[in-house]
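Below: the structure, in C-alpha cells.
All values below come from the heavy atoms of this structure, side chains included, with hydrogens, waters and symmetry mates left out.
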Amino acid sequence: MKMYLMSLGAGLLVGIVYSLLNVRSPAPPVIALVGLLGILVGEQLIPFARTLLAQEPAAVSWMNQIRPHMFGHLPKGADRTEVTHRATTDAEERSS
C-alpha cells in the first residue's frame with residue numbers, strides 16, 4: 001500500500017509542477033481511464049461466471065484470478081537484516 005501512496009504523491013507533485021509551468025499533462029483524459037477500468041473489469045467477468053457455474057465459492061475466483069490481475073501484487077520489501085547488512089557493507093566500501 002505504501003508504494004501506491006508514494007506513486008500518488010509523486011503524481012500529485014508532478015501535477016503541481018505542470019500547473020506552475022502552465023503545461024498540459026500528457027496523461028489521457030479521465031474518460032479514457034474510465035474506459036480502461038471497464039476493460040479491466042470486463043475481462044474478469046467470464047472467469048468469475050465460470051467459477052459461479054462450477055459452483056465454487058466466489059472467493060476462489062477473487063483470490064486466484066480477479067484480485068491479482070486487477071490490483072497486481074504489492075512489492076515485497078527486503079528483509080530488514082539484509083538491508084542493514086547491505087548498508088553496512090556499502091559504508092565500509094566507501095570508507096576504504
Keeping to residues at least two apart or across chains, list the side-chain hydrogen bond (donor to acceptor under 3.5 Å, both in side chains) pairs with something in residues 6-19.
-> none
If you measure from OG1 on Thr51 to CD on Gln44, what distance do you get to the nearest 0.5 Å?
-> 10.0 Å
Qualifying residue, where the test is side chain to side chain contact (heavy atoms under 4.5 Å, CB included) with Arg50 and the options are Ile46, Leu53, Leu52 = Ile46
Can you tell me how far the CG atom of Leu33 sits from the CG atom of Leu40, to the nearest 0.5 Å?
-> 12.0 Å
Can you tell me how far CG of Leu36 sits from CD1 of Ile31, rounded to the nearest 0.5 angstrom?
-> 11.0 Å
Is it true that Leu37 and Phe48 fall in one hydrophobic cluster, defined by side-chain heavy atoms closer than 4.5 Å?
-> yes
What residues, two or more places apart in sequence or in another chain, satisfy side chain to side chain donor-acceptor pair (under 3.5 Å) together with Glu43?
-> His69
Treating Ile, Leu, Val, Met, Phe, Trp and Tyr as nodes and any side-chain heavy-atom pair under 4.5 angstrom as an edge, say whether Val17 and Val23 lie in one connected cluster.
-> yes
